[in-house]
Amino acid sequence: MKTWEYTKVKGSSVKIDNWMSDAMGVVEGGCIYSTLFRHPEEGPKEYEIMISMFPQENYRTLTHITMYLDDVPGSSAQASAFLSEKEINILNSISLNGISDTVIVWKLMADLNFAGEAEMLMESFEALKSENDPSVSKIRGIVIKPAEVGRLFKGGLSSNGKEEVRRGYPSTLKGGCFDLAELYGDILGDCDGRNVLLTMDADSWIMSITLFKPETRLVKVGMEIPDCPGGITQALNVIAGWNVNLISVFSKVKICYQTMYLELVMDIGKSGKSAEEIKGLLPKAMDSLNGVFSLVEFSELR
């Protein structure tokens, strides 16, 4: 599943497409919490803004709960009742029917009352199941693990990681856009026209907005390559000697064991070559590879 997209800052606003905001629960008019980070001097990224619907002070008690339920009327209500009786707050959640099965999988982000409560919750559930208690008769199983949202915020210049600059006050998404200037304009300055990478962390229900350095020149390349061991390696070896920095790699099978589509986004800012030069060099370089390689798409993200 592709969990990112590229866009541009317009004025001071970053447009978040509906498919991303819907998937991450970033609701129009809702309260959004954000934190600004600065990336190290090395690399093409300059700043990154983490956004979510959860306050940063709650991250320690956020927990993933996956519940496996009988696909029968009342099972979701029973599961909800089991958690509510323990005063566990269900936050974002999604349920789906298991493929080729008669089970519902309900994945939740929940806020526990205190760290360590997960073990007590499991003990209570297992005790009720062993006694065939009707209150959990439609719940087949529960899996609980820490959300560990804090891992996304770890770093520091001493460890060559990103550095936290500021936690913004709660803001809102307006017209599907996040306004950079409202919270961070004094730091970011004029961002109009800057390249931006939007990334989703589906497990944590968190999004990031990454701003690239002004000198970054992003190019998107799409090519059809052989669907075989070494196909991607050959394609990447073509550009390995051009001093380009790969930002993202996305591959998907077109004809199984025959053809694959490979999408690359790369920074050519330090290559010493123009986008047009690289566009001309790619087909010639691919002609010498083992198998059928063809350039399908090439565009500079201006």
Side-chain angles (χ1 to χ4, degrees), residues 1-4 16-33 50-153 173 198-208 252-253:
M1 177 182 178
K2 193 173 182 180
T3 59
W4 67 90
I16 301 176
D17 284 346
N18 289 341
W19 75 272
M20 298 190 86
S21 59
D22 288 348
M24 290 295 96
V26 179
V27 181
E28 177 77 17
C31 189
I32 298 175
Y33 300 87
M50 296 281 197
I51 64 174
S52 80
M53 304 300 287
F54 312 130
Q56 291 93 331
E57 58 266 23
N58 286 31
Y59 289 165
R60 188 174 60 89
T61 53
L62 293 182
T63 303
H64 293 302
I65 300 178
T66 303
M67 307 187 78
Y68 298 89
L69 316 174
D70 290 334
D71 190 6
V72 297
S75 59
S76 297
Q78 185 181 93
S80 177
F82 172 75
L83 296 177
S84 64
E85 288 170 0
K86 306 295 186 294
E87 297 186 351
I88 292 174
N89 188 22
I90 298 173
L91 303 173
N92 293 8
S93 72
I94 184 171
S95 68
L96 63 156
N97 288 335
I99 298 175
S100 301
D101 205 348
T102 55
V103 64
I104 295 175
V105 181
W106 193 12
K107 295 188 174 184
L108 311 95
M109 176 73 85
D111 190 3
L112 302 188
N113 295 299
F114 54 88
E117 188 181 11
E119 186 176 341
M120 296 173 60
L121 180 68
M122 286 302 302
E123 289 176 354
S124 173
F125 172 71
E126 290 167 359
L128 291 171
K129 287 298 284 185
S130 66
E131 296 167 2
N132 293 318
D133 192 293
S135 67
V136 293
S137 61
K138 299 174 183 179
I139 305 175
R140 296 191 184 185
I142 301 177
V143 176
I144 303 176
K145 64 177 182 178
E148 296 182 346
V149 177
R151 68 183 168 81
L152 300 173
F153 295 83
L173 195 71
L198 299 176
T199 309
M200 305 185 301
D201 188 304
D203 284 339
S204 300
W205 298 86
I206 283 180
M207 292 186 62
S208 77
K252 54 186 176 182
V253 171

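Just so it is clear, the values below take in all heavy atoms, side chains as well, and ignore hydrogens, waters and symmetry mates. As the structure is a prediction and not an experimental result, all values here were calculated from the model.
When every heavy atom of Met50 is checked against every heavy atom of Ser208, the shortest pair comes out as SD-CB, 3.8 Å. Summarising the geometry of Lys86 relative to Ser124, their closest heavy-atom pair is CE-OG, 3.2 Å, with the distance given to 0.1 Å. Residues Ala110 and Ile65 approach most closely at CB-CD1, 3.8 Å, considering heavy atoms. Minimum interatomic distance between Lys138 and Pro73 (heavy atoms only, all atoms of both residues): NZ-O, 2.9 Å.
A heavy-atom distance below 4.5 Å is not found between the side chains of Leu96 and Ile104. Residues Asn113 and Glu87 are in side-chain contact: their nearest non-hydrogen atoms beyond the backbone lie under 4.5 Å apart. Looking only at side-chain heavy atoms (C-beta outward), His64 and Leu108 stay at 4.5 Å or farther from each other. Side-chain atoms of Trp106 and Ile90, non-hydrogen and from C-beta on, do get closer than 4.5 Å to each other. Side-chain contact check for Phe82 versus Val136: some heavy-atom pair is nearer than 4.5 Å. For the pair Gln56/Tyr33, a side-chain contact is recorded, criterion being any heavy-atom separation below 4.5 Å from C-beta on. For the pair Leu69/Ser76, a side-chain contact is recorded, criterion being any heavy-atom separation below 4.5 Å from C-beta on. Using a 4.5 Å heavy-atom threshold, the side chains of Thr3 and Asp201 count as separate.
In this structure, the separation between CG on Leu173 and SG on Cys31 is 12.0 Å, given to the nearest 0.5 Å. Here CG of Leu121 is found 5.5 Å from CD1 of Ile142. Values are rounded to the nearest 0.5 Å. Of the inter-residue distances, the one linking Leu198 atom CG with Ile51 atom CD1 reads 8.0 Å to the nearest 0.5 angstrom. Taking OG1 of Thr61 as the start and CG of Leu112 as the end, the distance is 6.5 Å to the nearest 0.5 Å. Lys2 contributes atom NZ, which lies 8.0 Å from atom CH2 of Trp19 (distance to the nearest 0.5 angstrom). Rounding to the nearest 0.5 angstrom, the gap separating the CE atom in Met109 from the CH2 atom in Trp205 is 8.0 Å.
Between the Asp133 side chain and the Ser135 main chain, a donor and an acceptor come within less than 3.5 Å of each other. Side chain of Ser137 to backbone of Pro134: a donor-acceptor contact under 3.5 angstrom is found. Side-chain atoms of Ser75 come within 3.5 Å of backbone N or O of Asp70 as a donor-acceptor pair. The closest donor-acceptor contact from the side chain of Lys129 to the backbone of Ile139 lies under 3.5 Å. Judged by distance alone, with hydrogens and angles left aside, the side-chain atoms of Ser130 form a donor-acceptor pair with the main-chain N or O of Ala127 at under 3.5 Å. Without hydrogens or angle criteria, Ser204 side chain to Ile206 main chain gives no donor-acceptor distance under 3.5 Å. In this structure, Gln78 contributes its side chain and Gly74 its backbone to no donor-acceptor pair below 3.5 Å.
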Worksheet entry | Residue pair Thr199, Met207: steps toward the side chain to side chain contact (heavy atoms under 4.5 Å, CB included) verdict | CA-CA 6 Å; Thr199 309; Met207 292 186 62; over 6 Å; no
Item to complete: Test side-chain hydrogen bond (donor to acceptor under 3.5 Å, both in side chains) on Thr102 and Asp71 and set out the steps.
Response: CA-CA 5 Å; Thr102 55; Asp71 190 6; over 6 Å; no
Item to complete: Evaluate the criterion side chain to side chain contact (heavy atoms under 4.5 Å, CB included) for residue pair Met67 and Val105; output intermediate values, then yes/no.
Response: CA-CA 6 Å; Met67 307 187 78; Val105 181; over 6 Å; no
Practice prompt. Take Ser21 and Glu28 through the test side chain to side chain contact (heavy atoms under 4.5 Å, CB included) and record every step on the way to the result.
Written response: CA-CA 8 Å; Ser21 59; Glu28 177 77 17; over 6 Å; no
Worksheet entry | Check against side chain to side chain contact (heavy atoms under 4.5 Å, CB included), Phe54 and Asp111 | CA-CA 10 Å; Phe54 312 130; Asp111 190 3; over 6 Å; no
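When the shell of 6.0 Å around NZ of Lys107 is examined, it contains 12 or fewer heavy atoms from other residues, nucleotides or ligands. Within a 6.0 Å radius of CE in Met122, other residues, nucleotides and ligands contribute more than 12 heavy atoms. At most 12 heavy atoms of other shown residues, nucleotides or ligands fall within 6.0 angstrom of atom CD in Glu119. Crowding of Lys252 atom NZ: a count of heavy atoms from other residues, nucleotides or ligands under 6.0 Å not exceeding 12.
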